[in-house]
Participant: 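Quick one: structure below, then a few questions.
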Amino acid sequence: MDVSFTFPSSALLLAEVSRKAVSLLGGGERESFWAFVTNSCLVAAIVTGVIIWMANKATSKMTLIPHPWQNFFESIIEAVYNQVEAIVGPKQAPRAFPLLATLFIFILVSNYFGLLPGVGTIGWGHGYGVLSMTHITEPLLRPATADLNMTLGMALCFMLVWFYLTIRELGVWGFIKHTFGAKGGATGIMGIFIALVFLLVGAIEIVSIMFRPGSLSLRLFGNIYAGETLLHTMMTLGDMFGLGAVGKFIIATIAPIPFYFMELLVGLLQAAVFTLLCAVYIQLSTTHDEHHGEEHGHDHH
């Protein structure tokens, strides 16, 4: 058995995505402090570097008449900001935009980076010769958003910012009243009944809030991981039908192409869905007092 760092001969462009990220430093029998540096972390660092390089290139020499890089970057930022402002409102948009724009751009670039040749197909495994390998067991590069640790980390970061924006806008007592307080102004027996109903609704809302990190992370992880697995399955159809070497090569080359275009659309949609859901969560918890304040303003006038 040969163990080497090489390219697989049967899957040059695509490879099956393992469910577990591989530690690149400090792995093996004895864990070390650097064991957290996985192939997903490496891809996330590369994606972050690419985004920072693009931002610096777009903003280093800004002019009144924007150059192509500046125009491209400004168009993305403007489109994201307009969408965020339309959901969370003009008051919360400046506060929420930095996080939401970062999430959208990072997820989008990460999703597309996972479709590049070599991601998941370069690494260590069982080989039978030079630059030939039957199966990759430890890929050097793994799609960042196909790692549940990454998607869960992004969701938890969002929840921390959501909590800060909500408490800043409503206050602790305001958030409690917004969640559990009865609406409608009914009194008497009906008022008590409505208060109990809204108390139950508030409890359900708290449970829903607690599940948000899980739903956000699992939705993104599931779609990206499933897409990577689908591409691998299409590539290995030749093996499933028992075709010869030429037939396997033709199937592996042609079959994944339509699904590549589908994954380009899925990558954009998943980045948009993750970001828009975060924006909606902020809007739901921060606009109550704003309307309440407007009503007081009208009464004052």
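Counting from 1, the numbers follow the sequence of the chain as shown.
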Participant: Assigning hydrophobic clusters by single linkage (Ile, Leu, Val, Met, Phe, Trp, Tyr; side-chain heavy-atom cutoff under 4.5 Å), is Leu156 placed with Phe158?
Facilitator: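 Leu156 and Phe158: separate clusters.
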Participant: Which residue pairs pass the salt bridge (charged side-chain N to carboxylate O under 4.0 Å, His left out) test with at least one member in residues 93-114, sequence neighbours excluded?
Facilitator: Arg95-Glu169
Participant: Can you tell me how far the OG1 atom of Thr151 sits from the CD1 atom of Ile224, to the nearest 0.5 Å?
Facilitator: 10.0 Å
Participant: Can you sort out the partners of Leu277 under side-chain contact (heavy atoms from CB on, under 4.5 Å), two or more places apart, ordered by chain and number?
Facilitator: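 Checked Leu277 against side-chain contact (heavy atoms from CB on, under 4.5 Å); matches are Leu216, Arg219, Val273, Tyr281.
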Participant: In terms of hydrophobic clusters joined by side-chain contacts under 4.5 Å, are Phe259 and Phe261 together?
Facilitator: yes
Participant: Tell me, do Leu108 and Gln270 make a side-chain contact under 4.5 Å, heavy atoms counted?
Facilitator: no
Participant: Please list all pairs passing the side chain to side chain donor-acceptor pair (under 3.5 Å) test where one or both residues lie in residues 188-203, with sequence neighbours left out.
Facilitator: none
Participant: Using side-chain contact (heavy atoms from CB on, under 4.5 Å) as the criterion, list what pairs up with Ile176, not counting sequence neighbours.
Facilitator: Val172, Trp173, Phe180
Participant: Using a 3.5 Å cut-off and no angle test, enumerate the donor-acceptor pairs between side-chain atoms of residues 77-86 and protein atoms at least two apart in sequence or in another chain.
Facilitator:
unit_1: Asn82; atom_1: ND2; unit_2: Glu78; atom_2: O; d: 3.2

Participant: So which atom in Ala58 and which in Gln70 form the shortest heavy-atom distance, rounded to 0.1 Å?
Facilitator: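 Heavy atoms only, the tightest pair is O-CB, 3.4 Å.
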Participant: Name all pairs fulfilling the ring pair (Phe, Tyr, Trp, His ring centres under 6.0 Å) condition that reach into residues 38-57, sequence neighbours left out, sorted by first residue then second.
Facilitator: Trp53-Trp69
Participant: Quick check for you: to the nearest 0.5 Å, what is the distance between Met262 atom CE and Leu231 atom CG?
Facilitator: 7.0 Å
Participant: Is any side-chain heavy atom of Thr38 closer than 4.5 Å to a side-chain heavy atom of Arg142?
Facilitator: no
Participant: Shared ILVMFWY cluster between Leu152 and Leu99, side chains joined below 4.5 angstrom?
Facilitator: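 No: no chain of side-chain contacts under 4.5 Å links Leu152 to Leu99.
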Participant: Only counting residues at least two apart or in another chain, list the ones meeting side chain to side chain donor-acceptor pair (under 3.5 Å) with Ser110.
Facilitator: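 Scan of Ser110 (side chain to side chain donor-acceptor pair (under 3.5 Å), adjacent residues dropped) gives none.
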Participant: Between CZ of Phe104 and CG of Leu268, what distance do you get to the nearest 0.5 Å?
Facilitator: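 If we round to the nearest 0.5 Å, Phe104:CZ and Leu268:CG are 5.5 Å apart.
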Participant: When you group the ILVMFWY residues by side-chain heavy-atom contacts below 4.5 Å and let the links chain together, are Ile76 and Ile52 in the same group?
Facilitator: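 Different hydrophobic clusters.
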Participant: Not counting sequence neighbours, which residues clear side-chain contact (heavy atoms from CB on, under 4.5 Å) with Ile250? List them please.
Facilitator: Val246, Ile254
Participant: Using every non-hydrogen atom in the two residues, find where Pro90 and Pro94 come nearest and quote the distance to one decimal.
Facilitator: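 The answer is O-CD, 3.2 Å.
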Participant: In this structure, would Tyr112 and Leu265 fall into the same cluster of hydrophobic residues linked by side-chain contacts under 4.5 Å?
Facilitator: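 No, it is not one cluster - the side chains of Tyr112 and Leu265 are not joined through contacts under 4.5 Å.
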Participant: Looking only at heavy atoms, which two atoms of Ala44 and Met150 are closest? And how far apart?
Facilitator: CB-CE, 3.3 Å
Participant: Taking the side chain as C-beta and beyond, is there a heavy-atom pair between Asn223 and Leu269 under 4.5 Å?
Facilitator: no
Participant: With sequence neighbours excluded, tell me which residues meet side chain to side chain donor-acceptor pair (under 3.5 Å) with Thr275.
Facilitator: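 None.
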Participant: So, the side chain of Thr166 versus the backbone of Phe163: is there a donor-acceptor pair under 3.5 Å, distance only?
Facilitator: no
Participant: To the nearest 0.5 Å, how far apart are SG in Cys278 and CH2 in Trp162?
Facilitator: 12.0 Å
Participant: To the closest 0.5 Å, what do you measure between CG (Leu148) and CG (Leu220)?
Facilitator: 9.5 Å
Participant: Pairs under 3.5 angstrom only: tabulate donor-acceptor contacts from the side chains of residues 197-212 to other protein residues two or more places apart or in another chain.
Facilitator:
unit_1: Glu205; atom_1: OE2; unit_2: Arg212; atom_2: NH2; d: 3.2

Participant: Give me the atom names and distance for the closest heavy-atom approach of Pro213 to Met159.
Facilitator: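 Heavy atoms of Pro213 and Met159 come nearest at CG-CG, 3.5 Å.
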Participant: Restricting to side-chain contact (heavy atoms from CB on, under 4.5 Å), what partner residues turn up for Ile51, sequence neighbours left out?
Facilitator: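 Applying side-chain contact (heavy atoms from CB on, under 4.5 Å) to Ile51 gives Val47, Ile105, Phe106, Val109.
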Participant: Are any non-hydrogen side-chain atoms of Val88 and Thr286 less than 4.5 angstrom apart?
Facilitator: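 No. Closest side-chain heavy atoms not under 4.5 Å.
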Participant: List the atom of Val43, the atom of Ala144, and the distance in Å for their closest heavy-atom pair.
Facilitator: CG1-N, 3.9 Å
Participant: Taking atom CG of Leu284 and atom CD1 of Ile87, what is their separation to the nearest 0.5 Å?
Facilitator: 10.5 Å
